[in-house]
Amino acid sequence: MNIDIITIFPEMFDGPFSESIIKRAVQKNLVNINIHNLRDYTTDKHHKVDDYPFGGGAGMVMMIEPIDRCISHLKSKREYDEVIFLSPDGQLLNQGISNAMSLKNNLIMLCGHYKGIDERIREHLVTMEISIGDYVLSGGELAAAVLTDSIVRLLPGVLGDETSALSDSFQDGLVSPPVYTRPRVYNDWEVPEVLLSGNDKLIREWRIQQATERTRKRRPGLFDQHQQDSLGEQ
Ligand code: SAH
C-alpha cells in the first residue's frame, strides 16, 4: 500500500511514523508512506500556499494551484483509490472506514491549515472527506497521522498474532473486555478468578459478557447497533 500525504509541515510526521508499529510496517515494506511538502509545488519565489478569503473575514485560505499541481504529479505516477481531505465536517472516522481503507492500494491524504482549503479543491479533486472528531485542530497533520495509524495496523503482516487487530474494540461491534497481567494480587486488588481458571470456554464466555456489558454502559449507540446486527444475522 502507498500512502501519500500532502502537508505544509512535513516534520510533524517524524515522531508518529518513526516509532513502534508504523515504523516496523515501513521497514518490512508493508506500506510506503511518502510525505510531500506542498511548498515544493508552488511557482512563486516565496512558496506561497495561502491567500486572503474572497468576501473578507478572518483567516487565510489554502490556494488551489499548489494542491492541484501536487495531486496531478502524484496521479501521473499511479492511480489512486481515494484522495482524502482531513476536515472537521467530513465523515466521522470509525473502525469500519479504517477497515475499508486498509483494503485499498493507493491513498492520498491532504492536510488543511488556516481557515481551510479553497472549496473548489473539495469539489473537483477530493473524493472523500474524513474527520477524526467533533473538535477543531490547527491542521490536518495529526488527523492524517491518526488515520494512517488506524489503517496501517490492519495491513496483513503488520501485527503479530499476539496483538491481532481482530480482537480489538469495534471489530466485532463491541468494545474490548478488560485485560490483566501479573501479579495476581497487587495491594489487595485481585484479578478476576475466571481468568486464572485455565478453562478456555469459561474465559471466552466471560470476555463476551464483559465486552457486551461495557458496550451497553459506555457506548449505548454502538450497543443498539450490535443488537440489531445480531438479530439480522439470526
Ligand atoms: N475553519 C475550519 C477549520 C479549519 S482547521 C472549520 O471551522 O471547519 C484547519 C485544518 O485542520 C482543516 O482544514 C483540516 O484539514 C484540519 N482539521 C481540523 N480539525 C479536524 C478534524 N476534527 N478532523 C480532521 N481534520 C481536521
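Index from 1, following the sequence. Worth saying up front: this structure is predicted, and the values here are computed from it rather than measured.
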Heavy-atom closest pair, residues Lys115 and Ala58: CG-O, 3.3 Å

Provide the closest heavy-atom pair for Arg214 versus Pro178 in the form atom of the first, atom of the second, distance. NH2-CB, 3.8 Å

Closer than 3.5 angstrom, by distance alone: can the side chain of Asn187 be matched with the main-chain N or O of Trp189 as a donor-acceptor pair? no

Within the structure provided, determine whether Trp206 and Leu195 are in side-chain contact (heavy-atom separation under 4.5 Å). yes

Quick one: do Glu190 and Arg184 make a salt bridge, cutoff under 4.0 Å? no

Where Ile8 and Asn37 come nearest, the two heavy atoms and their spacing: CA-OD1, 4.2 Å

For Ile117 versus Val61, what's the shortest heavy-atom pair and its separation? C-CG1, 3.8 Å

Point-to-point distance, once rounded to the nearest 0.5 Å, from CD1 of Ile84 to CD1 of Ile130: 4.5 Å

Would you call Lys75 and Asp68 a salt bridge, using N to O less than 4.0 angstrom? no

From CD1 (Ile64) to CG (Leu125), nearest 0.5 Å: 8.0 Å

Group every Ile, Leu, Val, Met, Phe, Trp and Tyr by side-chain heavy-atom contacts under 4.5 Å, then state whether Ile33 and Leu154 land in the same group. no

Using a 3.5 Å distance criterion without hydrogens, assess whether the side chain of Lys28 forms a donor-acceptor pair with backbone atoms of Leu30. no

Do the charged groups of Arg216 and Glu213 touch, with an N to O distance under 4.0 Å? yes

Are more than 12 heavy atoms, taken from residues, nucleotides or ligands other than Tyr135, located less than 6.0 Å from that residue's OH atom? yes

Using a 3.5 Å distance criterion without hydrogens, assess whether the side chain of Ser176 forms a donor-acceptor pair with backbone atoms of Ser169. yes

Worked verdict on Met1 versus Ile3 for side chain to side chain contact (heavy atoms under 4.5 Å, CB included): CA-CA 7 Å; Met1 165 181 252; Ile3 300 179; 4.0 Å; yes

Looking only at heavy atoms, the pair that brings Leu159 and Ala165 closest together is CD1-N, 3.7 Å

When the ring planes of Phe9 and His113 are compared, do they come out parallel, tilted or perpendicular, using 30° and 60° as the limits? perpendicular

If we ignore angles and hydrogens, is there a donor and acceptor under 3.5 Å between the side chains of Glu82 and Asn106? no

Same cluster for Leu103 and Ile151 if Ile/Leu/Val/Met/Phe/Trp/Tyr side chains link at under 4.5 Å? no

Applying the side chain to side chain contact (heavy atoms under 4.5 Å, CB included) criterion to Leu110, which one of Leu38, Thr7, Ile6, Leu86 satisfies it? Ile6

Taking CD in Glu193 as the centre, count heavy atoms belonging to other residues, nucleotides or ligands within less than 6.0 Å. Is the count above 12? no

Going through the distances and angles, do Met128 and Phe85 end up as a side chain to side chain contact (heavy atoms under 4.5 Å, CB included)? CA-CA 6 Å; Met128 186 173 189; Phe85 175 51; over 6 Å; no

Tell me whether Asp81 contacts the main-chain N or O of Asn105 through its side chain, where contact means a donor paired with an acceptor under 3.5 Å. yes

Above 12 or not: heavy atoms from other molecules or residues under 6.0 Å from CZ of Arg39? yes

Could you state whether Met63 and Tyr114 fall into the same hydrophobic cluster, counting links through intermediate Ile, Leu, Val, Met, Phe, Trp or Tyr residues with side-chain heavy atoms under 4.5 angstrom apart? no

What about Val158 and Ile97, same hydrophobic cluster or not, with Ile/Leu/Val/Met/Phe/Trp/Tyr joined at side-chain heavy-atom distances under 4.5 Å? yes

Does a side-chain N-to-carboxylate-O contact under 4.0 Å join Arg153 and Asp168? yes

Exercise: do Gln228 and Asp224 side chains pair donor with acceptor under 3.5 Å: no

Specify whether Tyr41 and His36 have parallel, tilted or perpendicular ring planes, treating 30° as the upper limit for parallel and 60° as the lower limit for perpendicular. perpendicular

Indicate yes or no for a side-chain donor-acceptor contact from Thr42 to the backbone of Pro66 under 3.5 Å, with no hydrogens or angles considered. no

Within-4.5 Å side-chain heavy-atom neighbours: Asn34 and Ile5: no

Hey, does Lys104 have a side-chain heavy atom less than 4.5 Å from the side chain of Met101? yes

Can a donor-acceptor pair be found, under 3.5 Å and without considering hydrogens, that links the side chain of Thr127 to the backbone of Val83? yes

Check the pair Ile71 / Tyr80 against side chain to side chain contact (heavy atoms under 4.5 Å, CB included), numbers first and verdict last. CA-CA 10 Å; Ile71 292 177; Tyr80 284 90; over 6 Å; no

On a heavy-atom basis, the closest approach of Val191 and Pro183 is CG2-O, 4.1 Å

If you define the side chain from C-beta out and look only at heavy atoms, does anything of Val194 sit under 4.5 Å from Glu205? no

Which distance, rounded to the nearest 0.5 Å, do you find between the CG of Asp118 and the NE2 of His124? 9.0 Å

Set out, in order, the CA-CA distance, both residues' side-chain angles and the distance that settles side chain to side chain contact (heavy atoms under 4.5 Å, CB included) for Leu196 and Tyr180, then state yes or no. CA-CA 10 Å; Leu196 311 170; Tyr180 300 85; over 6 Å; no

Give a yes or no on whether Val49 and Tyr52 share a hydrophobic cluster (residues Ile, Leu, Val, Met, Phe, Trp, Tyr; joining criterion: side-chain heavy atoms under 4.5 Å apart). yes

Point-to-point distance, once rounded to the nearest 0.5 Å, from CG of Leu107 to CG of Leu147: 7.5 Å

Does atom CD (Glu79) have a neighbourhood of more than 12 heavy atoms from anything else shown, all under 6.0 Å? no

Taking atom CD of Glu119 as the centre, does the number of heavy atoms from other residues, nucleotides or ligands within less than 6.0 Å exceed 12? yes

